[in-house]
Amino acid sequence: MPPFAGSHPLSHGFSRNSIDSYSNIVTIDVGGQLFQTTKQTLKQSGSKSLLSEISGSDFDGSIPFIDRDPEMFSILLSLLRTGNLPSKAKSFDIQDLVFESQFYGVEHLLLNSQSNPSQFEPFDLEKSLILPLSGRDSPTAIATTQLGEVQVAHGCKITSFDWSLKRKSTILTQFAGIDSMLSLSANVVAVGATDFSGLQILDVSKGCVNETLNWENVTKSGSTVQGIGASRDLLFTSFESSRRNSNCIMVYDLNNDGFRPVAEIGHYEIFGAELDSAIPATKLSWISSHNLLMAAGSHSGPSGVRGNIRFWDIRSGSAVWEIKENVDCFSDCTVSDDLSAILKVGVHSGEVFILDLRNIGNENSWTCLGDQRRVTNGKKEGVGSKIESHGTQVFCSKGGNLELWSEVLIGSSIKDRVFRKNSMGRAKDSCGNKITHFTFGGNKMFVTRKDQQFVEVWQSSVRGF
């Protein structure tokens with residue numbers, strides 16, 4: 001018997017099913033088991049899906065037969081009804097469900113149910129998966145999409161995983177090592193290095209370079225990439241000349257196939273011992289609520305670690321606010337629109353600090369969320385620490401562990417805001433290997449560690465598949 005049997009085959013190969021013309025109930029035979037549902041439920045699958053075609057067909061008294069697994073169909077039918085997979089789905093391999101969802105044309109619903117950021121539970125994280133990498137090189141950069149696809153740079157290679165984390169591919173690049181990487185889509189990444197000229201736009205599905213972007217500096221030397229960022233419409237790249245005597249931030253149009261340059265901001269030519277101008281931005285973050293670009297960079301020299309955080313108005317090309325870091329310079333910093341705040345981890349103290357974006361432009365200082373006494377102890381307890389925000393939560397790496405900071409009270413000023421360090425449940429590593437990178441994609445957290453050739457996937461034990 002063919003996969004679909006009936007008296008009137010449709011384009012997908014199944015017959016038109018029987019239904020009382022005055023009823024909304026639809027009956028389908030899948031693998032010998034009858035299922036009943038409504039036309040509205042089937043239409044949740046999308047206009048181009050097989051199930052939607054069944055719901056919109058004319059019926060002549062027969063029941064369509066689909067020669068597929070009825071148990072897996074029942075899981076996908078539950079997905080149509082509730083928007084979520086039932087608990088019994090955990091007994092199936094996710095890749096089998098992916099293939100089945102592709103057959104019915106509902107992969108997008110499965111993707112949304114498994115990659116919904118609202119299902120990220122920071123207090124109930126556990127290690128759910130290990131993503132192995134080929135070769136002996138440890139990860140140097142990691143990038144994710146909103147749907148949970150992830151690309152990992154290790155040595156001269158980039159390994160990509162699809163949203164289900166079951167299918168992967170690896171390509172070779174022209175870089176000896178990659179320092180900066182940003183996902184522009186599931187298959188396209190922007191890649192750069194501090195010792196290789198130009199920003200490359202790579203298609204990881206084809207293993208080819210779509211375009212190379214360079215900054216034409218005064219000395220006509222090469223331009224290495226120090227940092228990459230993006231808004232919905234713009235791509236930001238921090239360049240430094242190969243002679244290290246000039247730097248700038250280039251702005252490109254993401255909606256143009258040729259990545260047309262639209263602005264050049266923060267152009268500094270370095271003369272003598274002007275340390276501030278010699279510090280290129282290594283972290284670029286777009287603040288959508290203020291339409292500003294945060295550009296941060298630091299430098300370690302004989303006088304200690306110094307840095308600056310500048311906020312750029314792209315339209316005018318001018319810096320509207322600047323924070324000079326002299327006492328406890330940031331090991332890493334981030335910005336949160338949800339919290340309306342800038343956050344940093346001090347390189348000396350290793351403590352987390354916050355600065356309210358609602359007071360942008362005013363003379364205000366950092367507020368320490370931890371032990372203020374550590375700020376002046378002279379030790380570099382925060383070296384290598386990373387900080388990122390995800391929603392209203394703040395994550396900070398300390399050696400082999402992650403701290404989680406949550407706001408418990410919101411007042412009218414920064415002094416009224418109270419943050420508390422919380423336990424992250426199971427999100428700890430017994431071997432204590434230092435965390436080198438962590439980022440978020442969909443409802444998952446991805447973590448890399450020093451001297452390890454794999455990526456850890458942390459997920460809520462309640463929502464995780």
Side-chain angles (χ1 to χ4, degrees), residues 72 75-76 79 83-103 106-122 124-135 137-154 157-171 178 181-189 202-205 207 388 390 395 402 424-427 429 435-449 452-465:
M72 298 189 74
I75 291 173
L76 297 180
L79 176 64
N84 297 304
L85 290 177
S87 58
K88 64 180 180 180
K90 292 186 177 182
S91 62
F92 291 88
D93 188 281
I94 183 64
Q95 191 61 64
D96 292 336
L97 287 176
V98 170
F99 290 147
E100 203 70 5
S101 69
Q102 290 172 341
F103 172 81
V106 296
E107 185 184 13
H108 63 289
L109 297 178
L110 181 61
L111 187 156
N112 290 336
S113 72
Q114 291 299 289
S115 304
N116 189 347
S118 65
Q119 296 179 351
F120 184 84
E121 299 287 347
D124 194 35
L125 292 175
E126 65 179 9
K127 192 187 301 182
S128 62
L129 193 62
I130 293 293
L131 304 180
L133 304 173
S134 59
D137 297 303
S138 298
T140 55
I142 185 169
T144 58
T145 70
Q146 292 183 342
L147 297 177
E149 293 103 347
V150 59
Q151 292 96 19
V152 187
H154 49 114
K157 302 176 289 295
I158 296 178
T159 296
S160 303
F161 297 85
D162 74 337
W163 68 267
S164 70
L165 305 181
K166 291 294 186 179
R167 288 174 287 182
K168 74 172 184 177
S169 60
T170 301
I171 65 168
I178 295 169
M181 185 165 62
L182 180 72
S183 292
L184 302 180
S185 70
N187 296 319
V188 179
V189 293
L202 294 176
D203 187 324
V204 293
S205 64
E388 295 290 347
H390 187 66
F395 297 80
L402 282 165
M424 287 188 61
R426 304 172 180 84
D429 183 68
I435 293 173
T436 54
H437 301 88
F438 67 93
T439 188
F440 306 90
N443 58 352
K444 303 175 182 65
M445 178 173 67
F446 300 90
V447 178
T448 66
R449 298 180 186 272
Q452 292 185 348
Q453 290 75 48
F454 54 81
V455 178
E456 299 172 0
V457 181
W458 292 89
Q459 199 170 5
S460 165
S461 60
V462 176
R463 298 283 188 178
F465 184 79

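As the structure is a prediction and not an experimental result, all values here were calculated from the model.
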Completion exercise
Between the CD atom in Gln453 and the OG atom in Ser134, the distance rounded to the nearest 0.5 Å is 10.5 Å
Handout entry: From Met445 atom CE to Lys127 atom NZ, the distance as rounded to the nearest 0.5 Å
Key = 10.5 Å
Completion exercise
Paired with Phe446, the side chain to side chain contact (heavy atoms under 4.5 Å, CB included) test is passed by just one of Val152, Val150, Leu129, namely Val150
Completion exercise
Heavy-atom nearest pair, Ile171 first then Gly207, reads CG2-CA, 3.7 Å
Problem - From Lys157 atom NZ to Leu133 atom CG, the distance as rounded to the nearest 0.5 Å - result: 9.0 Å
Practice task
Take Ser205 and Asp203 through the test side chain to side chain donor-acceptor pair (under 3.5 Å) and record every step on the way to the result.
Solution key: CA-CA 6 Å; Ser205 64; Asp203 187 324; 2.4 Å; yes
Handout entry: Backbone of Ser113 reached by a side-chain donor or acceptor of Asn84 within 3.5 Å
Key = no
Handout entry: Nearest atoms (heavy-atom pairs only) where Val204 meets Ser169
Key = O-OG, 4.3 Å
Handout entry: CA sep, side-chain torsions, deciding dist, call: Lys444, Thr144, side chain to side chain contact (heavy atoms under 4.5 Å, CB included)
Key = CA-CA 10 Å; Lys444 303 175 182 65; Thr144 58; over 6 Å; no
Completion exercise
Smallest heavy-atom separation, Ile75 atom then Lys88 atom, equals CG1-CE, 4.0 Å
Handout entry: Residues Leu110, Leu85; criterion side chain to side chain contact (heavy atoms under 4.5 Å, CB included); working and verdict
Key = CA-CA 8 Å; Leu110 181 61; Leu85 290 177; 3.7 Å; yes
Handout entry: Derivation and outcome, side chain to side chain contact (heavy atoms under 4.5 Å, CB included), residues Phe438 and His390
Key = CA-CA 11 Å; Phe438 67 93; His390 187 66; over 6 Å; no
Fill in the blank from the handout: On a heavy-atom basis, the closest approach of Ser183 and Thr145 is CB-CG2, 3.9 Å
Handout entry: Heavy-atom side-chain proximity of Leu76 to Glu100 below 4.5 angstrom
Key = yes
Handout entry: Side-chain (Ser128) to main-chain (Val457) donor-acceptor, under 3.5 angstrom
Key = yes
Handout entry: Polar side-chain atom of Asn112 near backbone of His108 as donor-acceptor pair, under 3.5 Å
Key = yes
Completion exercise
On a heavy-atom basis, the closest approach of Ala141 and Ile178 is CB-O, 4.2 Å
Practice task
Quickly, which of Thr159, Thr140, Asp137 forms a side chain to side chain donor-acceptor pair (under 3.5 Å) with His154? Name it, please.
Solution key: Thr159
Problem - Exam field: side chain Gln151 to backbone Ala186, donor-acceptor pair closer than 3.5 Å - result: yes
Handout entry: Euclidean distance, Gln114 CD relative to Leu109 CG, rounded to 0.5 Å
Key = 12.0 Å
Problem - Atom pair CD/CG of Gln459 and Asp124 - distance to nearest 0.5 Å - result: 11.0 Å
Handout entry: Atom of Glu456, atom of Ile130 and distance for their closest heavy-atom approach
Key = CG-CD1, 3.9 Å
Practice task
On the 0 to 90° scale, with breaks at 30° and 60°, tag the Phe440-Phe395 ring pair as parallel, tilted or perpendicular.
Solution key: tilted
Practice task
Verify the neighbour count for atom CD of Gln95: are there more than 12 heavy atoms of other residues, nucleotides or ligands below 6.0 Å?
Solution key: yes
Problem - Atom pair CE/CZ of Met72 and Phe99 - distance to nearest 0.5 Å - result: 10.0 Å
Handout entry: Any donor-acceptor N/O pair, Thr448 side chain to His437 backbone, under 3.5 Å
Key = yes
